[in-house]
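First comes the structure, then the notes that go with it.
All residue numbers in this chain count up from 1 along the given sequence. What you see is a predicted model; the values in this text were computed from it and never measured.
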Amino acid sequence: MPRTSQGKYVTEASKTFQEGDNHWHGGRYDKSRECYLQAARMYHDSGDAEGEAFALSRLGELELSLDDYREAEEALRAAVKLVRDLADAQNTYGEALIKLSKVQMARGDSADALKTIRQAQEVLNAIGHKDLLGDAYDHEAYIYLTDNKEDEALSAYRKAAELFEQDKNSLKEASTLRAIARIEMKHRNYDVAHDILEKCRNLYRENGDLLGEASALSAIGCLRYIIRDIGNARKALMKSVYLYGKVSHHFAEAESLLYLARVEAFDKEQGDFERAKAHYKRSIELFDFLGNDTMKKAVLEEYHNFLNRMIVS
């Protein structure tokens, strides 16, 4: 794989690989592709099979991001072949298999994707690579979700979360817990979902991830609204709106304002109709600012319906 010393790339091949990453991040996809291919050739010429596989694996990832599935699969299968029997490169082998499964899933081949991801799990479990193994179970859950197999997805997500926790990768753990909570909410297991979301929120907060914390708070607020705990729904959503505003995520802020408006519009005893009007208006303003006419129209319609209810009541 790319050779580094104190964070710096030290071989010509690894420097070329880094140039590929830089071009990709800059949106120069053709240049990125050229660099990855060049790096792969340089690794090949130096006899570094793992380095070659790593460059091809990254190339496959790039092609997948561009929806070039045939090219992505070709690059990833070449990477897999290079390191399949290399004892010291099984992590690169397992990671390439995960990416290959993602390509197969993107093409709609869920059966092949599941077969490949289980192969990746076997490889990564054998070497005890908990982080990548967690990624493999996370992707397995996604495969099951697309096939509407929520119980199987939930089981895979729980394995992923446990592995991320063991590896102390708290951001990945939080993201996986958020996915688990969505399923539990759908199944109306609200107490379970709430506990998971609280843990999720704490993990994001410990990492200083304001966007993640805001997302968890928004979900907590929606859950509390569902069970008619209006006071706590309000508290969670107000914090969510504040944090989304702080990181300038205006779409999510507008959504949370809409949820908050619904909370305040719940009834006269527990809500506050004047605040509801203000939240609806601010949500509409943000969607208008973002040029999202679909959401602006939907919130306007809901706002007018709310005003009509106020008149009747």
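Between R282 and E285 there is a salt bridge, since at least one side-chain N of the basic residue sits less than 4.0 Å from a carboxylate O of the acidic one. Between R158 and E184, at least one side-chain nitrogen of the basic residue sits less than 4.0 Å from a carboxylate oxygen of the acidic one, meeting the salt-bridge criterion. The pair K102-E61 does not meet the salt-bridge criterion, since no charged nitrogen lies less than 4.0 angstrom from a carboxylate oxygen. Checked for salt-bridge contact, E71 and R33 miss the test: no charged N lies under 4.0 Å from a carboxylate O.
Here the side chains of L132 and H129 are in contact, with some heavy-atom distance below 4.5 Å. In this structure the side chain of L163 never reaches within 4.5 angstrom of the side chain of D167, judged on heavy atoms. Looking only at side-chain heavy atoms (C-beta outward), L307 and N305 stay at 4.5 Å or farther from each other. The side-chain heavy atoms of Y225 and Y259, taken from C-beta on, include no pair separated by under 4.5 Å. Counting only heavy atoms from C-beta outward, the side chains of S14 and Y43 approach each other to under 4.5 Å. Side-chain contact between E122 and R118 is absent, with no heavy-atom pair separated by less than 4.5 Å. No side-chain heavy atom of L171 sits less than 4.5 Å from a side-chain heavy atom of L203. The shortest distance between side-chain heavy atoms of L97 and V80 falls below 4.5 Å.
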Trace of the salt bridge (Lys or Arg N to Asp or Glu O under 4.0 Å) decision for R70 with E74: CA-CA 6 Å; R70 184 182 64 80; E74 183 178 297; 3.8 Å; yes
Derivation of the ring-ring contact (aromatic ring centres under 6.0 Å, His included) call for F251 and Y244: CA-CA 9 Å; F251 183 88; Y244 277 134; 9.7 Å; no
Criterion side chain to side chain contact (heavy atoms under 4.5 Å, CB included) on L257 and Y280, from CA distance to verdict: CA-CA 7 Å; L257 280 163; Y280 273 125; over 6 Å; no
Worked verdict on K159 versus E162 for salt bridge (Lys or Arg N to Asp or Glu O under 4.0 Å): CA-CA 5 Å; K159 290 177 183 177; E162 182 179 353; over 6 Å; no
Chi angles and distances behind the side chain to side chain contact (heavy atoms under 4.5 Å, CB included) call for S218, E255: CA-CA 9 Å; S218 180; E255 280 194 322; over 6 Å; no
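In the hydrophobic clustering of this structure, L290 groups with Y303; members are Ile, Leu, Val, Met, Phe, Trp, Tyr whose side-chain heavy atoms approach within less than 4.5 Å, directly or through other members. Cluster annotation: V263 is connected to M238 through the hydrophobic network of ILVMFWY side chains, with a link wherever side-chain heavy atoms come within less than 4.5 Å. Transitive grouping of hydrophobic side chains (ILVMFWY, heavy atoms separated by less than 4.5 Å) keeps L124 and F164 in distinct clusters. Placement of Y144 and I117 within a single hydrophobic cluster is found when ILVMFWY residues are connected by side-chain heavy-atom separations under 4.5 Å, directly or transitively. Transitive grouping of hydrophobic side chains (ILVMFWY, heavy atoms separated by less than 4.5 Å) keeps M185 and Y204 in distinct clusters.
Taking the centre of each ring, F273 and F306 come in below the 6.0 Å mark.
Checking Y69 against D67 by side-chain atom types alone, a donor-acceptor pair falls below 3.5 Å. Side-chain N/O atoms of Q38 and T16 include no donor and acceptor closer than 3.5 Å. Remark: the Q104 side chain and the E73 side chain contain no N/O donor-acceptor pair separated by less than 3.5 Å.
Residue Y142 places its OH atom among 12 or fewer non-hydrogen atoms of other residues, nucleotides or ligands, all under 6.0 Å distant. Heavy-atom contacts from other residues, nucleotides or ligands closer than 6.0 Å to CG of D45 number more than 12. By the neighbour-count criterion of 12 heavy atoms within 6.0 Å, atom CE of M295 is densely surrounded, having more than that number from other residues, nucleotides or ligands.
A side chain to side chain donor-acceptor pair (under 3.5 Å) with H23 holds for exactly one of E34, K31, R28, Q18; it is R28.
Ring geometry, F17 versus F54: the interplanar angle falls from 30° to 60°, so the pair is classed tilted.
Without hydrogens or angle criteria, Q270 side chain to F266 main chain gives no donor-acceptor distance under 3.5 Å. At least one donor-acceptor pair under 3.5 Å links the side chain of N308 to the backbone N or O of H304. A distance-only check finds no donor-acceptor pair linking the side chain of T116 to the backbone of A113 [under 3.5 Å]. In this structure a side-chain-to-backbone donor-acceptor pair under 3.5 Å is missing from N207 to D209. Looking only at distances, a side-chain donor or acceptor of N202 sits under 3.5 Å from a matching main-chain atom of E198. Listed for the S32 side chain is a donor-acceptor partner under 3.5 Å among the backbone atoms of G20. Counting only distance, with no hydrogens or angles, the side chain of D272 and the backbone of R275 share a donor-acceptor pair below 3.5 Å. Between the side chain of T92 and the main chain of E50, no donor-acceptor pair closer than 3.5 Å is present.
For residues 83-95, the set of pairs meeting the salt bridge (charged side-chain N to carboxylate O under 4.0 Å, His left out) definition, not counting sequence neighbours, is empty. Under the salt bridge (charged side-chain N to carboxylate O under 4.0 Å, His left out) criterion, the residue pairs touching residues 170-181 are D131-K172, D135-K172, E173-K199, with sequence neighbours excluded. Note on residues 213-241: pairs passing salt bridge (charged side-chain N to carboxylate O under 4.0 Å, His left out), not counting sequence neighbours, are R201-E213, R224-D229, R234-E264.
For Y190, there are no ring pair (Phe, Tyr, Trp, His ring centres under 6.0 Å) partners, not counting sequence neighbours. The salt bridge (Lys or Arg N to Asp or Glu O under 4.0 Å) test applied to D112 returns no partner, not counting sequence neighbours.
Interatomic distance, CD1 of I284 versus CZ of F287, reported as 9.5 Å (0.5 Å rounding). Taking CG from L258 and CG from L286, the interatomic distance works out to 11.5 Å, rounded to the nearest 0.5 Å.
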Anything under 3.5 Å between a donor and an acceptor, one on a side chain of residues 145-157, the other on a protein residue two or more places apart or in another chain? List them.
residue, atom, partner, partner atom, Å
T146, OG1, I143, O, 2.6
E150, OE1, H187, NE2, 2.7
E150, OE2, K186, NZ, 2.7

